[in-house]
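Remarks on the structure that follows.
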Amino acid sequence: MENGTECLEPSRDAIRQTVEDDYSIPQRENQLISFEFNWDTCYSSHQDGMIKYYSQEERAQLLSQICSDLFNAAVDADSHWDGLERVFSGLVSCQWRPDAGVEVVVERVEALLRRLPRTPVPIPGVLEKLPSGYFRNGGRTWNRLHVATLAHKNLIRCAILGVLTATGKGAFDWDMQEGLNLVGELIQLCVTRSAKDDAAHRHIWFLVVSYLWSFWQRARLLQAQGILAKYLRIGYVHGNEKYQWMRNFQVARDLSIRALTEEVARSHKPLNLCGWKFELLRGDSKCLGLDFRPLFSRFKEAFGSMPASCLKHSTEACDGRDWHDCLRFDRTETGNQTMHDASHPHTHEGEPRVKWDEESYRGVVGARAVSIYATGNRLTYCTASERTLAFSHVWSHGQGGRPHEGINRCLHQRYVNLAKSLGCDSYWIDSACIPDEDELRKEAINHINGVFYRSKHVLVCDRELMTLDANDLTTGHYERILTGVLLSDWNIRAWTMLEALKGREHVAILCRDDHIVRFSEVAQHVCDHGRLAVAGFLLLLPHMLHSQLEGTVPGKVQREVSPNDIPLETIGSWLSHRPASRKGDDVRIWSLCLNQHRTRVKDAVDFWRQQNGVYSGFLLSSSDRLAEPGLSWAPASPFALPEERSDGSSQAVFHRPLESADTQGLSITSDGLWGAWWMYEHDDRVVAQVRETLTRFSKTNKELRRIRRHFRLQNKWMALLRPISSSVYSRYDGVEETPSVTKTGTLVAVCDSGKTESRRRHFPTSQESYKWIWRGVYEWPTTTPMPEFTQISELWIG
């Protein structure tokens with residue numbers, strides 16, 4: 001099977017022909033955009049100069065007809081490609097008015113397309129039943145299938161769109177999202193019709209699905225690169241990820257695109273890749289439809305010979321089910337100074353340590369850093385400033401400790417030399433600047449935002465990253481560095497996430513032989529020149545990308561305010577799979593990320609009491625909940641995996657929270673949570689049971705009773721809740737679909753109430769009989785029809 005490292009080879013003549021076919025008048029000086037690109041024919045028609053939008057029924061008929069046309073075009077093996085292209089290309093309306101000449105556009109489009117994998121990820125099907133005319137150069141394999149190896153006209157159009165919007169004109173993200181979700185609908189419809197059709201026709205339906213899928217995944221990679229290029233150009237926009245949302249359609253019978261993405265990722269996962277790192281990657285909703293093959297190929301090149309370091313007495317990786325099982329997450333905070341500077345003379349045994357000068361530390365007001373100009377055998381301190389080099393590292397890699405215990409002399413000298421080489425007069429590292437004494441530790445942590453934000457450089461010191469060659473950098477080097485960062489121990493910890501977030505404008509990676517590479521340089525090079533299947537994964541590091549808010553406050557004031565005005569849900573989603581070393585640190589880090597450290601947040605209860613609202617979609621996760629009155633809905637931690645597996649199962653239930661900025665906002669008050677939901681109420685009392693006798697054995701009722709047993713909700717009112725989408729962009733088929741990381745179901749919240757009447761209240765009331773208590777979340781299977789939900793404008797969850 002192809003590993004995804006070979007590249008697509010588009011025809012320059014086909015690109016030129018596509019540009020010329022859609023070429024319109026030259027760009028005028030006062031024209032805002034240089035193109036027209038839309039899929040409007042699938043949503044509306046023009047009648048007598050008016051736009052008429054299709055009803056749900058009309059649009060369903062239209063999509064069904066498109067699938068029939070594609071099927072008919074694919075029947076003849078000799079002309080199937082031309083027939084499919086004729087039908088599919090007719091769905092897009094284009095007019096190009098480029099500033100540059102045709103040949104310049106053709107050259108740029110060709111270069112962009114050549115960065116795609118030669119074939120998309122294979123989908124399951126019966127290739128052997130297809131006649132030889134559907135393949136190239138003989139042999140019935142996915143790699144030889146015409147529809148999987150040729151470049152669609154609409155794919156070329158998407159690449160032209162990406163080239164023309166690279167200057168900042170147009171709405172590339174929205175146009176691509178619209179097309180991808182439409183094609184997802186067509187794929188699912190073809191899969192459904194294939195299951196109902198004669199078995200003799202299913203190989204043709206498979207070919208049609210393969211044709212659409214080949215377009216979809218390649219276009220998905222173009223979309224990811226285009227969004228990344230935009231963020232690198234203007235800055236990352238937090239809370240605006242709705243344009244990255246993709247529908248979780250069925251790509252084959254009983255196989256969703258999310259399940260396929262996970263299966264392909266798991267089948268190509270390197271054996272020595274930590275299972276928890278893999279879960280952090282795989283579980284991110286931005287991975288939907290991405291191609292993991294080139295990324296894992298780079299990982300094997302860089303780290304293939306290294307042991308996994310996850311399990312005692314084994315070189316194998318952990319399974320990723322529970323982070324407690326992985327040695328990479330050592331929760332003890334001992335003075336771990338096992339690392340030494342190999343480039344300078346030292347003795348591993350009895351290496352002298354440089355300890356703090358406590359008087360010097362206490363004599364500095366504000367954030368402390370170690371002065372590089374000090375002499376003697378003690379660490380002396382100065383105020384951390386714009387000339388401080390801040391080190392970000394993982395304790396278990398051998399640089400942990402506390403000031404009173406000291407740090408290895410060779411490491412201190414290395415820090416000094418690195419600081420000097422970067423034009424700094426001091427350095428900050430937690431093992432030298434955060435004392436163990438409680439009050440001093442709290443004070444130092446309260447200054448941590450300012451240290452990393454103001455520092456001249458934030459230098460990542462990760463044991464594995466420091467093995468990477470950064471001499472005479474090529475695109476391959478940059479891709480390996482990016483892969484290393486993404487799959488590093490440093491990237492899966494909560495404290496280092498905070499440090500990267502606050503220092504995002506000046507993060508650098510320490511590589512072999514003390515070569516230093518700025519992360520912004522890595523990101524820009526991979527975006528501009530790297531393989532698109534690798535570049536797309538940069539969107540999984542939003543906390544390391546330049547923020548659009550940076551630099552908007554001029555002068556001295558900018559250094560006195562925190563620029564990272566990021567929603568709590570966004571931060572919570574980033575922390576959901578990144579554990580902290582000490583109990584309680586996770587909430588403290590959440591608070592620091594939100595710049596609420598000045599209010600002295602003591603615990604999770606205190607944290608939520610200080611908030612005014614939360615997006616409903618964010619609450620649908622497997623995070624433990626608080627037992628405090630009025631906060632049954634509130635996550636006890638941003639970390640979404642329960643601390644212990646209480647049921648003894650081999651796999652913990654795990655649903656990561658999403659930032660969910662396109663779901664309904666809810667108000668937090670002293671007595672609970674108020675706001676609008678989609679709601680289904682279920683009564684388990686005797687009268688209700690009699691009323692449901694005829695339908696109690698239906699699949700839906702069986703599932704409802706299974707939920708009651710699971711949450712032990714007997715003789716109570718039960719409610720299932722789904723978030724209300726506030727976005728008009730989600731779907732056009734009349735069904736709201738909230739973004740989710742589930743593979744095969746719909747996530748719902750489960751609540752219960754002691755109320756005594758079935759009548760619903762559609763206005764705020766604080767009567768105890770109308771209060772609902774949050775009990776957890778449940779994944780409703782797709783194979784079971786859901787009950788009918790009703791929109792409730794004001795629901796009280798206590």
salt_bridge(R480, E301) N-O dist < 4.0 Å: yes

Salt-bridge present (R282, E262; N to O < 4.0 Å): yes

Donor on one side chain, acceptor on other, H477 and D472, under 3.5 Å: no

Results of ring-ring contact (aromatic ring centres under 6.0 Å, His included) for H404 - residues two or more places apart only: none

Side-chain donor/acceptor of R409 to backbone N/O of V354, under 3.5 Å: no

Contacts of Y478 that satisfy ring-ring contact (aromatic ring centres under 6.0 Å, His included) - sequence neighbours left out: H525

Under 3.5 Å side-chain donor-acceptor pair for N491 and R578: yes

Candidates K442, R582, R441 - the one meeting salt bridge (Lys or Arg N to Asp or Glu O under 4.0 Å) with D436: R582

Any donor-acceptor pair under 3.5 Å from R402 side chain to I434 backbone: yes

Check: D586/S637 side-chain N/O donor and acceptor closer than 3.5 Å: yes

Check: S621/S623 side-chain N/O donor and acceptor closer than 3.5 Å: yes

Main-chain N/O of M246 paired to Q177 side chain as donor or acceptor, under 3.5 Å: no

Result of checking L389, T496, V451, V507 against V458 for side chain to side chain contact (heavy atoms under 4.5 Å, CB included): V507

Salt bridge R298-E479, side-chain N to carboxylate O under 4.0 Å: yes

Side chain S520, main chain R518, donor-acceptor under 3.5 Å: no

Whether Y361 and Y381 hold their rings parallel, tilted or perpendicular, with breakpoints at 30° and 60°: perpendicular

Test item: R368 side-chain N/O and A444 main-chain N/O as donor-acceptor pair under 3.5 Å: no

Polar contact flag, side-chain donor to acceptor under 3.5 angstrom, D430-W495: no

Check: W395 and H393 side chains under 4.5 Å, non-hydrogen atoms: yes

Residues, nucleotides or ligands: over 12 heavy atoms within 6.0 Å of K300 NZ: yes

Near-ring test W490/H397, centroid separation under 6.0 angstrom: no

Side-chain donor or acceptor of E569 paired with backbone N/O of Y615 under 3.5 Å: yes

Heavy-atom donor-acceptor pair, E437 side chain to E439 backbone, under 3.5 Å: yes

Partner residues of W356 under the side chain to side chain donor-acceptor pair (under 3.5 Å) criterion, sequence neighbours left out: none

Verdict with supporting geometry, R656 and S573, side-chain contact (heavy atoms from CB on, under 4.5 Å): CA-CA 7 Å; R656 286 170 60 176; S573 69; over 6 Å; no

Check: R293 main-chain N/O paired with D291 side-chain donor or acceptor under 3.5 Å: yes

Side-chain heavy atoms of C511 within contact of I481, under 4.5 Å: yes

Pair K456 + E505, salt bridge at N-O below 4.0 Å: no

H577 and E279 side chains, donor-acceptor separation under 3.5 Å: no

Under 3.5 Å side-chain donor-acceptor pair for Y427 and H457: no

Pair E386, Y453: side-chain N/O donor-acceptor within cut-off below 3.5 Å: no

Pair S426-T388, side-chain donor/acceptor within less than 3.5 Å: yes

Centroid-centroid distance, W590 to F607, less than 6.0 Å: yes

Backbone N/O of V394 and side chain of R463: donor-acceptor pair under 3.5 Å: no

No-hydrogen, no-angle side-chain donor-acceptor test under 3.5 Å, N471 and D513: no

Parallel, tilted or perpendicular: ring planes of H543 versus W574, cut at 30 and 60 degrees: tilted

Whether F296 and F278 hold their rings parallel, tilted or perpendicular, with breakpoints at 30° and 60°: tilted

Option among T483, D489, V485 that satisfies the side chain to side chain contact (heavy atoms under 4.5 Å, CB included) test with L487: T483

